[in-house]
Amino acid sequence: MARDISTVGVVGLGTMGAGIAEVLARSGLDVVTVELDDTGVARGRGHIEHSTERALSGGKLDPAGREALLGRIRYSTTLSDLSEVDFVVEAIPESLELKADVLTELDKITRPEVVFASNTSSLSITEIGVHTTRPGKVVGMHFFNPAPVQKLVEIVKTVVTEPEVVTEVVAFAERLGKVPVVIGDRAGFIANALLFGYLNHAVRMYEQRYATREDLDAAMRFGCGYPMGPLALLDLIGLDTAYEILDTMYHQSRNRLHAPAPLLKQMITAGQLGRKTGRGFYAYDAPDSPNVVASGVVATVDSVPPRPVARVGVVGTGTMATGIAEVFAKRGLDVVLRARSLEKAQASVAKVKKSLDKAVVKGKLSEEDAASALARITPVTDFEALADVDLVVEAVAEELSVKQAVFAALDEVVRPGAVLATTTSSLPVIECAAATSRPSDVIGLHFFNPAPVMKLVEVVSTIATAPDVVATASAVCAAVGKHAVHCGDRAGFIVNALLFPYLNDAVKMLEAHYAGANDIDTAMKVGCGLPMGPFELLDVVGLDVSLAIQRTLYNEFREEGFAPAPLLEHLVTAGRLGRKTGKGFKDY
């Protein structure tokens with residue numbers, strides 16, 4: 001029988017504890033909060049008053065509702081004041097020793113049937129629970145920050161948690177208006193276990209000077225639709241918090257990808273903890289401010305003039321090729337679209353026309369502009385027709401031998417000084433360049449699908465690419481309204497190198513029966529604000545494409561953690577490739 005919960009104790013009134021207390025009081029519960037001293041109480045009360053004042057000014061609370069909410073919260077500096085509560089949420093700093101001490105004390109004070117919930121984001125609930133005489137009544141209840149806004153709550157059960165306790169805590173979370181997911185007890189749970197490996201990988205990229213902080217963050221915002229880039233997110237979370245979570249995860253998993261990047265420790269030692277100290281990967285105008293200020297580190301492309309580009313060649317007839325042709329034509333550039341046959345060339349132009357017509361219907365383009373754009377595209381079948389273009393973008397099948405053949409053919413006919421670009425998403429650009437007699441003129445221009453919509457282009461330089469070719473690529477991206485990010489020529493570039501290990505980790509989590517695909521998707525969408533969960537995204541991309549990219553990453557970096565999850569390989573072998581076959585991780 002479900003126990004009646006009307007009064008809840010909250011231990012710890014930092015940002016998280018204060019947010020949880022507000023959530024509980026907002027749901028009509030009486031709340032007794034406990035902090036170490038009067039200073040802590042005053043700080044916690046300030047958090048709650050400030051948060052509810054914002055809710056009032058935002059129209060989410062009325063004055064009477066705010067007054068009633070604040071009236072339901074009592075403040076104390078003594079744990080014994082929790083003797084009559086029906087449920088306890090512990091939200092003190094991430095220290096196993098501190099949490100164990102608190103629960104040991106609460107065990108003596110509260111009634112035997114009272115459930116203890118720890119808000120830890122990374123510590124073992126089992127290790128916390130064994131310090132009580134009621135480990136079966138100890139669960140994790142991991143709220144996300146800010147607790148009054150974020151809907152996700154991870155309910156963490158241990159091997160000894162009583163099943164009815166889990167059921168009751170899930171119902172309690174739903175009563176608070178939250179979206180609960182139930183998981184087992186392992187470091188990082190779902191969201192942090194998947195998120196922090198990705199964040200750590202981004203720090204390593206920055207540490208290795210593979211890409212600038214601005215380009216890393218822009219790549220994930222524009223390329224994946226993430227609400228924040230990884231380094232800006234780390235500044236928001238706090239570098240010290242991130243380090244503790246990664247360190248805990250590493251000690252449990254022994255996965256080298258969870259070992260905190262050395263740069264994190266250096267920044268923490270220097271007091272650069274992120275927004276809370278006013279400086280982290282970015283500089284802020286004050287501690288706790290979201291406003292970024294220039295910090296003297298400015299990302300620049302080599303200051304050489306670009307080569308002029310007025311006429312562009314596109315090689316290929318697939319979705320990417322036609323999308324790129326449309327992008328250039330809409331921005332006033334003449335486009336020569338090369339296909340293997342006249343039928344394919346005409347079909348490609350028809351695809352562009354269909355896309356332009358849609359834009360007209362949606363009011364995004366006038367009929368005149370659509371007609372002008374279409375008139376700028378010339379379909380051809382011979383490479384010789386590309387002789388006088390200023391830039392050629394190759395967008396054929398993702399096979400190295402096919403691309404090399406195209407580059408060898410282009411090398412024969414395209415005028416000296418023209419820029420030769422490949423749209424490859426995973427193959428080495430230098431291998432394409434090596435098929436020509438002019439590797440200094442070759443660069444990667446990785447557009448994202450659908451090219452007319454997605455703003456990001458990864459500009460990939462090889463060790464041979466000339467500085468003015470990089471400048472030309474940047475200028476072309478700006479001219480067609482794209483956001484260029486710069487990186488070196490290694491597997492995955494920025495986006496795929498950060499995205500696919502995270503997706504692979506999600507598959508491994510599912511494979512280990514730690515959580516279901518729907519719960520993992522929910523955790524990442526609701527808890528981290530991602531536009532799609534990992535399994536939804538894998539099914540959209542195609543499991544065969546995802547496996548190929550993951551294999552490329554593993555073969556390049558030889559990182560054990562990058563080895564494709566066996567489940568992914570089995571699904572591809574079984575022909576379950578995602579939406580395109582109607583079956584993937586989910587059935588369609």
Side-chain angles (χ1 to χ4, degrees), residues 5-35 38-76 85-92 117 119 121 141-155 169-181 191 227-228 232-233 235-238 241 274-276 284-292 522-523 525-531:
I5 299 174
S6 59
T7 305
V8 180
V10 176
V11 184
L13 272 179
T15 307
M16 208 67 231
I20 293 167
E22 182 185 334
V23 168
L24 294 164
R26 193 176 285 208
S27 301
L29 294 155
D30 290 322
V31 185
V32 183
T33 65
V34 180
E35 248 298 350
D38 291 335
T39 305
V41 166
R43 186 175 58 243
R45 189 195 293 266
H47 280 312
I48 295 168
E49 289 178 353
H50 179 62
S51 175
T52 52
E53 183 62 46
R54 271 195 320 214
L56 183 66
S57 59
K60 292 176 181 173
L61 266 181
D62 58 31
R66 179 175 184 255
E67 193 175 333
L69 186 159
L70 295 175
R72 284 192 282 269
I73 303 173
R74 285 190 287 138
Y75 300 90
S76 171
V85 300
D86 307 311
F87 190 92
V88 179
V89 181
E90 167 276 305
I92 66 172
N119 182 57
S121 59
M141 200 171 181
H142 179 215
F143 290 80
F144 285 69
N145 198 16
V149 176
Q150 293 277 29
K151 290 285 186 186
L152 185 71
V153 175
E154 290 176 318
I155 310 294
V169 175
V170 166
F172 182 59
E174 288 170 342
R175 177 180 166 188
L176 301 178
K178 299 301 182 185
V179 178
V181 292
M228 293 183 84
L233 181 55
D235 275 359
L236 177 63
I237 292 165
T241 303
R275 284 193 192 181
K276 58 186 168 188
Y284 301 88
D285 59 9
D288 292 318
S289 167
N291 302 318
V292 175
T522 298
K525 286 192 296 181
V526 180
C528 301
L530 304 190

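Quantities reported herein were computed from a predicted structural model and do not represent experimental measurements.
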Could you walk me through whether V8 and V88 satisfy the side-chain contact (heavy atoms from CB on, under 4.5 Å) test, starting with their C-alpha distance in whole Å, then the side-chain angles of each, then the deciding distance to 0.1 Å, before giving a yes or no?
CA-CA 6 Å; V8 180; V88 179; over 6 Å; no
[X]: side-chain contact (heavy atoms from CB on, under 4.5 Å) partners, not counting sequence neighbours:
X	result
V292	Y282, Y284
T7	D30, V32, V85, D86
V34	S76, L79, L82
N291	D285, S289

Between the main-chain N or O of [Y] and the side-chain N or O of [X], is there a donor-acceptor pair closer than 3.5 Å?
X	Y	answer
T33	I73	no
K276	G238	no
E67	L69	no

Validation row: [X], [Y] side chains within 4.5 angstrom (heavy atoms):
X	Y	value
V179	T522	yes
L152	H142	no
M16	F143	yes
F144	V153	no
V169	M141	yes

As an exercise, state the distance from [atom1] of [X] to [atom2] of [Y], rounded to the nearest 0.5 Å.
X	Y	atom1	atom2	value
L13	I20	CG	CD1	10.0 Å
L24	R175	CG	CZ	9.5 Å
S27	F172	OG	CZ	7.5 Å
T52	H47	OG1	NE2	12.5 Å
S51	L56	OG	CG	11.5 Å

Kindly state each residue pair satisfying salt bridge (charged side-chain N to carboxylate O under 4.0 Å, His left out) with at least one member in residues 42-64, sequence neighbours excluded.
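For residues 42-64: E53-R66.
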Could you list all the salt bridge (charged side-chain N to carboxylate O under 4.0 Å, His left out) pairs where at least one residue sits in residues 15-25, not counting sequence neighbours?
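Output for this query lists E22-R26.
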Closest non-hydrogen atom pair between [X] and [Y], with its separation:
X	Y	value
R72	L29	CD-O, 3.5 Å
C528	A191	SG-CB, 4.0 Å
I155	P180	CG1-CB, 3.9 Å
I48	A21	CD1-CB, 4.1 Å
G44	A18	O-CB, 3.9 Å
L236	R275	CD1-NH1, 3.5 Å

Stepwise side-chain contact (heavy atoms from CB on, under 4.5 Å) test for K178 and V23:
CA-CA 10 Å; K178 299 301 182 185; V23 168; 3.9 Å; yes
